Amino acid sequence: MPQENIVTRFPPSPTGYLHIGGARTALFNWLFSRQKGGKFVLRIEDTDRERSSEEATRAILESMEWLGLDWDEGPYFQSRRNDIYDAAIEKLLSIAQAYHCHCTTEILEQKRKEASSKGLKPKYDGQCRDLGLGPAPGSVVRLKTPLNGVTQFNDLVKGPISFDNEELDDLILRRSDGSPTYHLAVVADDINLGITYVIRGDDHVNNTPRQILIYKALGEPLPRYAHLPMILGPDKHRLSKRHGAMSVLEYRDMGCLPHALLNSLARLGWSHGDQEKFTREELIETFSLENVGKAAGVFNLEKLLDLNGWHIRESSDQFLVKELTPFLDRLGLENPGEEMLMKVVAILKVRSKTLVEMAEGARFLFQKEIDYDKKGDDKFLKPNVLRLLEELLGELEKTPEFTHTGLEKTFTAFLEEKEIKLRKIAQPLRVALTGKTASPGIFEVMELLGKDKVLERLRRAITHIQTKE
RNA sequence: GGUCCCAUCGUCUAGCGGUCUAGGAUAUCGGCCUCUCACGCCGGAGACACGGGUUCGAUUCCCGUUGGGACUACCA
C-alpha cells in the first residue's frame, strides 16, 4: 500500500496532434503513477477556444490509447469546468489576494513599450492594485503577487530553483471576457483533482513561481514539481513541424510498435545504467525521477528503428499477426488467414525494423503476380542459369514433401550431382520466386509459397529468360 | 534586453573526487557467420565546451566565459 496518495496528470491542449514531446511527458507521468500505485489523470486544456478543436482532442485520445497510456480519471475538459475557476477567483477576491484591474490593453501595450525602450522590464506596474476597484465591463482580475521576497521550490529533476518575486508582476487570473487564464485554470484544476506531482516540460519552469503564488494565495498545499528537459530536433532547436515526423500517430503509421516508441521516449532523458531495452513492465519497475537527466536531447529516429526491430523480435507471433494485418491491407494484399500469417511473421520478424517493412517483405507471398526487381533480373535471371533452373524444375516436380527438410534433401542431392554450390542457384531462384534479391531463406520461401506457386513461378522465370535471348 | 535552466563520442547516455588509458547504445567503418537480406558475434574510429579556482587529486565541487534553450501575452 502506498504511504502517499500519488496523483499525476497529463494536460494537453488540443491545438494539434499529440507529438512525441507531449507523449514523453505523458509517459513519465504514467510510469510514475503506475509504479507508485497512484492515479493518472487526463485533462484537456481547451480554454483557448480559438485554437482548440475536437479533431485534435480525438487525435490525442487515439494516440494515448495506441500507446497504452491508460488514465484513471478523465478526460476532464477545462471548457466545462468554469465553476471551479470562478470559485477560485472569487475566493481570491474575497480574501484580497486578487483585485479588479481596469487598465485597457492599449494602455498596457503602451506602458510595455515605454518600459522596454528605457531598458526596463515590461511588467505590469500595479496601477489598479490598491484602488479597490469593482468589476466593470472589460476589466480583468489580477493576482496580488508579493512585491518582494523569493519564491522557491525544489525541483525533482533540476534541484532547488528560486525566483525573486520582484521579477513577477500581477498576472491576470480572469480575462475581460470572463474566462480564466491558463495559470489560474491549471492551479484550480490541480487542486480540485488532488494532483500531488506535476511532471511537465521544463518550458514551464518559469511558470512555476507564478503558479506557486496562486497556491499560496489560496492557502493550498503545493504539489511536488519535476521539470523534464525538452526534446529537440536534429538542429538542436525545439521540436517543430519542420523536423519531420512529430505526431505519435505518424510513428504508428510508420510501422512502429507502441512499446518501442515508449522505450525510445523513455530513454530520451532518462536512463537506468547501461540498459537500453525495456519492456513496458520493466519501465514501470525501474523508472525514477532521480535518473531523469537535466539536459535537453535530440530525438533519434535511427535508434527508435533499432529498438523497434528488437521489440518486433521479442513480440509473440500472435501479437505481430494482429499488428501486421492493417499494413497488409494497406498494400492491398489478400489476407491468407491466421495460420499462414503466423508462419510468415515467424520468419519475417527477424528482418523487419518496422511493420511496413514486414508487410513489404510478405508481399511476394500474397501477390498474384510478382514483378522482378530490375537489378536482380539483370544480374541473376540470365541465360547461363537457364539450364540449371530447368533441371531444378524437374527435380522439384518430383519432390513430394515441400517442407524445409524435404526441400533441403532434394537440393543436397541436386547440388551434389551437378557439383555446384548452393550459392550458384539460390539467387536466381530467389529472384524467380520473390522478384527480389533479398528474402528469407530460400527453403522457407519455397515452403511458404507451396509447391504449385513455386513451380508456376519457376516456369514463368524460365520463359522470361528464354524471351531474353 | 531581463529572469530561469542546461552543457561527456554525430546522436541518446553511464559517471554522483581517485576504479577514467572515460563505459554502454545507436549510427559509421572493417571482419566473422552465410543461399541473399536481416539477426548474431568480433574489432576500429569517435566525447569530458573553454578559463580560473577548491583539493594531495577533478569529467565529477565552486566561479566566470562561451554556446544552447525556455519564459518574459487578456496562448497553453
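Residue numbers begin at 1 in each chain, while the letters A, B, ... track the order of the sequences. Bear in mind the structure is a predicted one, so any value in this text is a computation, not a measurement.
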Work out how far the [atom1] atom of [N] is from that of [M], and round it to whole angstrom.
N	M	atom1	answer
B:U26	B:C42	P	12 Å
B:C63	B:G46	P	34 Å
B:A45	B:G40	P	23 Å
B:A58	B:A22	C1'	13 Å
B:G10	B:A49	P	12 Å
B:U59	B:U8	P	15 Å
B:U54	B:C41	P	49 Å
B:C61	B:G15	P	12 Å

What does [N] pair with, Watson-Crick or G-U, if both distances are under 3.5 Å?
N	answer
B:C20	none
B:G46	none
B:U11	B:A25
B:U55	none
B:C32	B:G40
B:U3	B:A70

Item checked: Near-strand residues of residues 100-107 of chain A, defined as heavy-atom separation under 4.0 angstrom from RNA chain B ->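 Within this stretch, A:Cys103, A:Thr105 sit under 4.0 Å of the strand.
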Figure out the [atom1]/[atom2] separation between [X] and [N], and round it to whole Å.
X	N	atom1	atom2	result
A:Arg24	B:C12	CZ	P	11 Å
A:Asp203	B:G69	CG	P	14 Å
A:Leu213	B:U3	CG	C1'	15 Å
A:Lys294	B:C12	NZ	C1'	18 Å
A:Phe163	B:A70	CZ	P	15 Å
A:Leu184	B:A73	CG	P	18 Å
A:Lys436	B:C37	NZ	P	15 Å
A:Ile212	B:C4	CD1	C1'	13 Å

Next item on the list: Write out all pairs satisfying ring-ring contact (aromatic ring centres under 6.0 Å, His included) with one or both partners inside residues 406-436 of chain A, taking only residues at least two apart or from two chains.
Entry: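 Every ring-ring contact (aromatic ring centres under 6.0 Å, His included) pair that includes a residue of residues 406-436 of chain A, provided the two are not neighbours, is A:Phe411-A:Phe443.
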Nucleotide of [options] approaching [X] most closely (side-chain heavy atoms):
X	options	value
A:Leu108	B:C74, B:U3, B:U11	B:C74
A:Val140	B:C74, B:A76, B:G2	B:C74
A:Gln427	B:U11, B:A76, B:C35	B:C35
A:Arg430	B:A76, B:C35, B:A70	B:C35
A:Asn207	B:G1, B:A76, B:C74	B:A76
A:Asn206	B:C74, B:U3, B:U11	B:U3
A:Arg351	B:C37, B:A76, B:U26	B:C37
A:Thr47	B:A76, B:U11, B:A73	B:A76

Next item on the list: Start with the C-alpha distance between A:Glu90 and A:Arg174, add both sets of side-chain angles, then the distance that settles salt bridge (Lys or Arg N to Asp or Glu O under 4.0 Å), and finish with yes or no.
Entry: CA-CA 10 Å; A:Glu90 291 310 321; A:Arg174 175 149 64 200; 2.9 Å; yes
[X] vs [N]: side-chain N/O to OP1/OP2 distance below 4.0 Å:
X	N	result
A:Arg423	B:U34	no
A:Arg43	B:A76	no
A:Arg313	B:G40	yes
A:Lys158	B:C5	no
A:Ser179	B:C74	no
A:Ser271	B:A14	yes

Next item on the list: Map A:Pro160 and A:Arg142 onto RNA chain B by nearest heavy atom, then report which one ends up closer to the 5' terminus.
Entry: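 Nearest nucleotide further toward 5': that of A:Pro160.
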Next item on the list: Hey, which sits more toward the 5' end of RNA chain B by its nearest nucleotide, A:His404 or A:Gly269?
Entry: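 Its nearest nucleotide being more 5', the pick is A:Gly269.
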Check: Checking A:Arg24 against A:Phe28: charged group under 6.0 Å from the ring centre and within 45 degrees of the axis?
Finding: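 Because its charged atom sits under 6.0 Å from the ring centre and within 45° of the axis, A:Arg24 does stack over A:Phe28.
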Notebook entry, point to check: For A:Tyr372, is the NZ or CZ atom of A:Arg460 found under 6.0 angstrom from the centre of its six-membered ring and inside 45 degrees of the ring axis?
Noted result: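 Because its charged atom sits under 6.0 Å from the ring centre and within 45° of the axis, A:Arg460 does stack over A:Tyr372.
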Distances under 3.5 Å only, N/O to N/O: pair up the protein atoms with those of nucleotides 19-25 of chain B.
from: B:G23; atom 1: N2; to: A:Asp274; atom 2: OD1; distance (Å): 3.0
from: B:G24; atom 1: N2; to: A:Glu276; atom 2: OE2; distance (Å): 2.6
from: B:G24; atom 1: N3; to: A:Glu276; atom 2: OE2; distance (Å): 3.4
from: B:A25; atom 1: O4'; to: A:Glu276; atom 2: OE2; distance (Å): 3.3
from: B:A25; atom 1: N3; to: A:Lys303; atom 2: NZ; distance (Å): 2.6

Is [X] reaching over with its side chain to a backbone N or O of [Y], donor-acceptor style, under 3.5 angstrom?
X	Y	value
A:Gln427	A:Phe380	no
A:Ser271	A:Arg267	no
A:Thr434	A:Arg430	yes

Note to self: Between A:Asn165 and A:Thr151, do the side chains contain a donor N or O and an acceptor N or O under 3.5 Å apart?
What the structure shows: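 Looking only at side-chain atoms, A:Asn165 and A:Thr151 do form a donor-acceptor pair, the distance falling under 3.5 Å.
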Check: Are A:Trp270 and A:Phe287 close enough that their ring centers fall under 6.0 Å?
Finding: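 Yes, close enough.
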Notebook entry, point to check: Of A:Ser79, A:Ser13, A:Pro12, which meets side-chain contact (heavy atoms from CB on, under 4.5 Å) against A:Asp46?
Noted result: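 So the option named by the test is A:Ser79.
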Check: Is any NZ, NE, NH1 or NH2 atom of the basic residue among A:Glu395 and A:Lys409 found under 4.0 Å from an Asp or Glu carboxylate oxygen of the other?
Finding: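 So A:Glu395 does not pair with A:Lys409 through a salt bridge.
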Notebook entry, point to check: Hey, is CZ on A:Arg351 packed in by over 12 heavy atoms from elsewhere, all under 6.0 Å?
Noted result: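 Yes, enclosed.
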Next item on the list: Describe the nucleic acid contact of A:Ser439 in one word from base, sugar-phosphate, nothing, applying a heavy-atom distance below 4.0 Å.
Entry: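 If one applies the 4.0 Å heavy-atom cut-off, A:Ser439 turns out to touch a base.
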Check: Quick one: does A:Ile214's side chain get under 4.5 Å of A:Leu173's, heavy atoms only?
Finding: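 Contact flag for A:Ile214/A:Leu173 side chains = yes.
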